[in-house]
Amino acid sequence: MPVLPPKMLHDWNLSPKDAIALQKQLAPRVEPGDRIAPVRHIAGVDIGFEDGGATTRAAVVVLRWEPTSAPVLEVVEQVVYREPTRMPYVPGLLSFRETPAALGAFARLATVPELVMVDGQGIAHPRRLGVASLLGLWLDVPTIGVAKSRLCGRHADVGEARGDSTPLEDKGETIGTVLRSRTRVKPLYVSTGHRVSQATALEWVVRCLHRTKLPEPTRLADRLASRRDAPGRR
DNA sequence: GCGACAG
DNA sequence: ATCTTGTCGC
C-alpha cells in the first residue's frame, strides 16, 4: 500500500510549498500506537554525503536481537547505497532530501527488520512528520526517531545521570522524550516514527544503548554513512 | 519583523 | 551534514 505514487521516487522534486502540503496530508496517517511484530531484527538508518554534498550515501545496518539477561545485538547485514543528491537541506524538510536514498538502501536489503531506528525526528516535527515517520509510512514498518538535537518543542532541563529523561512538548502535546543516554553528554531526542508508541520507543532506545551516546543500530549506521573509508569510497 | 532551525 | 589534529578518557 504505497503512500505516494512510485513514480515520485524518480521525480521526487517538490517545491518547499508542495513538500509542506504533502507533510500535512500524510501526518494523519502516522500510527502513534504499538503495532509491532515480535522483534527479531532491528535496523538502524543514517545518511551521509560525499563529493562536497553531490552524492548522498544511505547506510542501513541490521542487528539480530536476542532478549536474554544479557541482550544480544549482533550485526547480520549492512547495505550502503549511493545516488545523486536531489535536494538541499531545509529545516523541516529533511525527509525529502534523505528518504529517497534510504528507500534505495532498504530495497537492497535481504533481511526484513521488525523495527527501524532512524537518525532524525519522528513526530517531534513542526507538522508531525519527520524523516522517521515518512520512512515508516512508506515502508509500512515500525520506526523510531532518534535525533541528536532538537527541531521543535520545549522541555525542562534533563537530569545529568544516564537514563534520565523529560518530555518534549509542543503546542500543548507531548511529541517525544529527551533522553540522557550518557552522563554529561548532550541528550537524545526520541520520538514515535510510525506504529510505535512513545513509551515503547523509549524502551527500545534504552535497550539498545551500549556504552555510547547513540543506541547501537543508529551508531553503526552513522558510522557506515559517515566514515571517509566507507566501502566503495575512492 | 525577529529568532529558531533534524542532518 | 562536511571540512580537520590533537587530545582527554574509559
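The sequence lines fix the lettering, A, B, ..., with proteins before strands; numbering per chain opens at 1. The figures that follow rest on heavy atoms only: side chains count, while hydrogens, waters and symmetry mates do not.
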(request) Counting Watson-Crick and G-U wobble pairs whose two distances are both under 3.5 Å, find the runs of 3 or more in a row that involve DNA chain B. (result) none

(request) Using side chain to side chain contact (heavy atoms under 4.5 Å, CB included) as the criterion, list what pairs up with A:Leu151, not counting sequence neighbours. (result) A:Gln121, A:His125, A:Pro126

(request) Please list, chain by chain and in numerical order, all residues satisfying side chain to side chain contact (heavy atoms under 4.5 Å, CB included) with A:Glu169, sequence neighbours excluded. (result) A:Pro167, A:Thr174

(request) With pairs defined as Watson-Crick or G-U wobble and both distances under 3.5 angstrom, please note down DNA chain C as a dot-bracket string, | for pairing with another strand. (result) ..........

Which residue pairs pass the salt bridge (charged side-chain N to carboxylate O under 4.0 Å, His left out) test with at least one member in [range], sequence neighbours excluded?
| range | answer |
| --- | --- |
| residues 99-117 of chain A | none |
| residues 189-215 of chain A | A:Asp140-A:Arg195, A:Glu203-A:Arg207 |
| residues 58-73 of chain A | A:Arg64-A:Glu66, A:Arg64-A:Glu74 |
| residues 152-163 of chain A | A:Glu160-A:Arg180 |

(request) Could you check if a side-chain atom of A:Leu93 sits within less than 4.5 angstrom of a side-chain atom of A:Ile20, using non-hydrogen atoms only? (result) yes

(message) Any non-hydrogen side-chain atom of A:Val116 less than 4.5 Å from a side-chain atom of A:Leu139?
(response) no

Could you go through nucleotides 3-7 of chain B and list every protein N or O atom that sits under 3.5 Å from one of its N or O atoms, giving the distance for each pair?
| from | atom 1 | to | atom 2 | distance (Å) |
| --- | --- | --- | --- | --- |
| B:dC5 | OP1 | A:Arg150 | NH2 | 2.5 |
| B:dA6 | OP2 | A:Tyr89 | OH | 2.5 |
| B:dA6 | O4' | A:Gln121 | NE2 | 3.4 |
| B:dA6 | O3' | A:Ser149 | OG | 3.4 |
| B:dA6 | N7 | A:Gly92 | N | 3.2 |
| B:dA6 | N6 | A:Gly92 | O | 3.0 |
| B:dA6 | N6 | A:Leu93 | N | 3.4 |
| B:dA6 | N6 | A:Leu94 | N | 3.1 |
| B:dA6 | N6 | A:His125 | NE2 | 3.4 |
| B:dA6 | N1 | A:Val131 | N | 3.2 |
| B:dA6 | N3 | A:Gln121 | N | 3.2 |
| B:dG7 | OP1 | A:Lys148 | N | 2.6 |
| B:dG7 | OP2 | A:Ser149 | OG | 2.8 |

(message) If I take atom CG in residue A:Asp222 and atom P in nucleotide C:dA1, what distance separates them, rounded to the nearest angstrom?
(response)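 Computing the A:Asp222:CG to C:dA1:P distance gives 6 Å.
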
(message) What does the B/S/- profile of nucleotides 5-10 of chain C look like, 5' to 3', with a 4.0 Å heavy-atom cutoff to protein?
(response) -----S

(request) Keeping the roles fixed (side chain from A:Arg219, backbone from A:Asp222), state whether a donor-acceptor pair exists under 3.5 Å. (result)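 A pair under 3.5 Å: no.
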
(message) I'd like to know if the side chain of A:Asp170 reaches the main chain of A:Cys152, judged simply by a donor and an acceptor atom lying under 3.5 Å from each other, with no hydrogens or angles considered.
(response) no

(request) Would you please name every residue forming a side chain to side chain donor-acceptor pair (under 3.5 Å) with A:Thr56, sequence neighbours left out? (result) A:Thr85

(message) Suppose the criterion is ring-ring contact (aromatic ring centres under 6.0 Å, His included): which pairs have a residue in residues 169-209 of chain A, not counting sequence neighbours?
(response) A:Trp65-A:Trp204, A:His155-A:Tyr189

